[in-house]
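Heavy atoms only: backbone and side chains are in, while hydrogens, waters and symmetry mates are out. In what follows, chains carry the letters A, B, and so on, assigned in the order in which the sequence lines appear, proteins first and then strands, with residues in each chain numbered from 1.
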2 protein chains.
Amino acid sequence: MDVKTLCLGVLSRDDASGYEIKKAFEDGPFSCFHQASFGSIYPALNALSAEGLVSVREQAQDKRPDKKIYSITPKGQTALVASLMTEPAPDVMRSDFLFILSFAQYLPPPRIARLIDERIVWYRTMVDRMEESSRVDSPAGATFVRGMGIAVYRAAADYLESHRAQLIAEIGDAPLLVAE
Amino acid sequence: MDVKTLCLGVLSRDDASGYEIKKAFEDGPFSCFHQASFGSIYPALNALSAEGLVSVREQAQDKRPDKKIYSITPKGQTALVASLMTEPAPDVMRSDFLFILSFAQYLPPPRIARLIDERIVWYRTMVDRMEESSRVDSPAGATFVRGMGIAVYRAAADYLESHRAQLIAEIGDAPLLVAE
DNA sequence: GGTTGCATGTAAATGGTTACATGATTGT
DNA sequence: ACAATCATGTAACCATTTACATGCAACC
């Protein structure tokens, strides 16, 4: 699933500028499971435009730079659905946090405690944010995915909260390998 | 966290060949949150060797190609711990599955049903595998991380099972945009 | 007879990200 | 005075994946 398809997906929900598409991957509904930078979004948008999968209209703004607002075309809708019909690539997860935690016994307990505490806060914040956005009415798919995000992040936070103390106690008994 | 650190982490648990390290990222305890291919592992191992962070011994095998078994050195242990003390990069998740599901209303319900069913099986299989490996005694960090994996994957599978029917029903009412 | 597993390695291609360039406005 | 937000875009850089190269043994 390349950046072009990702942009098409965002645009299928609503017209947007490149800048706004970026936000959808930063804070928005896609931030949890896909990401893209300006360096990939702007070229993708130009390519989509050249292929006739999106249309552009320039919008002047006062006190703000001009915007290019992109809309998905019928051809673009078809292309999006075709991409959605291909077999999804396997999920990819990259977590330095879990990698570090899996060697907790080599590290100072206060560091482990801090990492876990920060992570709990992060998960709770994400759950709150998702619950808030679930108050506005969304398409069935988006609602389903958001609900799954809430369930999974809540399970993660709950686990960290309920097992934190035991891990800290266990690694507290072992000798340190590094100064704090 | 680059591939060199990842290899150092695997080797801190036990001596291994490049081939065996690959397996740790494919099926093993790290497969859920980091991955690496041969094309990155073998060069990383050579670099680590040149830096004195690992040592190598060649092992002849009958009916199998020769192996190069790598061991972490004291210097390597120090380097690993130093890496583990740096701030972890933010987690990255890339899921075509969730991206596709968030546009479920554009797609044929049987496809959505199949995708969800396959995913449930996958999560349950992973949970079973992790639970099995939790019967052998592991360091505190690894046990903690494995437990979190089980909790999170179980929550994901439970959510998919309990909300599957409702999603299928909701998208079944809308007109199809593509032939099955 | 074809696939999978074992085992190491290289080179090319890829698909990004990071950093840079530019500039007004608003908030601290 | 400095950082952040809005807004678009390019080019250099990067790490990794993919594909290739090689070959034997076991299994179906």
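If you check dT10(D), dG9(C), dA7(C) against the side chain of N46(A), the one that comes closest is dT10(D). In the set dT10(D), dT18(C), dT17(D), dT18(C) carries the atom at the smallest distance from any side-chain atom of S37(A). With dT17(D), dT8(D), dT10(C) as the choices, the nucleotide that has an atom nearest any side-chain atom of P43(B) turns out to be dT10(C). The side chain of S40(B) approaches dT17(D) more closely than any other nucleotide in the set dG16(C), dT17(D), dA7(D). Side-chain proximity of S17(B) to dT16(D), dT8(C), dG16(C): nearest is dT8(C). Of the candidates dT16(D), dG9(D), dT8(C), dG9(D) carries the atom nearest the Y42(A) side chain, counting heavy atoms from C-beta on. The Q61(A) side chain lies nearest to dA7(D) when the options are dA7(D), dT17(D), dT8(C).
Residues S49(B) and N46(B) bring no donor and acceptor atom of their side chains to less than 3.5 Å of each other. Counting only N and O atoms by type, the side chains of T125(A) and D128(A) include no donor and acceptor under 3.5 Å apart.
Between the CG atom of D66(B) and the P atom of dT22(D) there is a distance of 19 Å, given to the nearest Å. Atom C1' of nucleotide dT16(D) and atom CG of L6(B) are separated by 12 Å, given to the nearest angstrom. In this entry the distance linking CG of L45(B) with P of dA7(C) reads 14 Å, nearest Å. Rounded to a whole Å, the CD1 atom of I21(A) is 13 Å from the C1' atom of dT8(D). Between the CZ atom of R94(A) and the P atom of dT16(D) there is a distance of 8 Å, given to the nearest Å. Across the protein-nucleic acid pair, E26(B) atom CD and dT4(C) atom P stand 13 Å apart, rounded to whole Å. In this structure, Y19(B) atom OH and dC24(D) atom C1' are separated by 13 Å, rounded to whole Å. Remark: P of dG15(C) and CD of Q35(A) are 16 Å apart, rounded to the nearest angstrom.
Not less than 6.0 angstrom separates the ring centroid of F25(A) from the ring centroid of F38(A).
Residue-level contact check: G18(B) touches the backbone only, with heavy atoms under 4.0 Å from sugar-phosphate atoms and none from bases.
Between E161(A) and R119(A), no side-chain nitrogen of the basic residue sits less than 4.0 Å from a carboxylate oxygen of the acidic one, so the salt-bridge criterion is not met.
For the OP1/OP2 pair of dG9(D) and a distance below 4.0 Å, the side-chain nitrogens and oxygens of K68(A) include at least one atom meeting the criterion.
Using a 4.5 Å heavy-atom threshold, the side chains of D27(A) and R129(A) count as touching.
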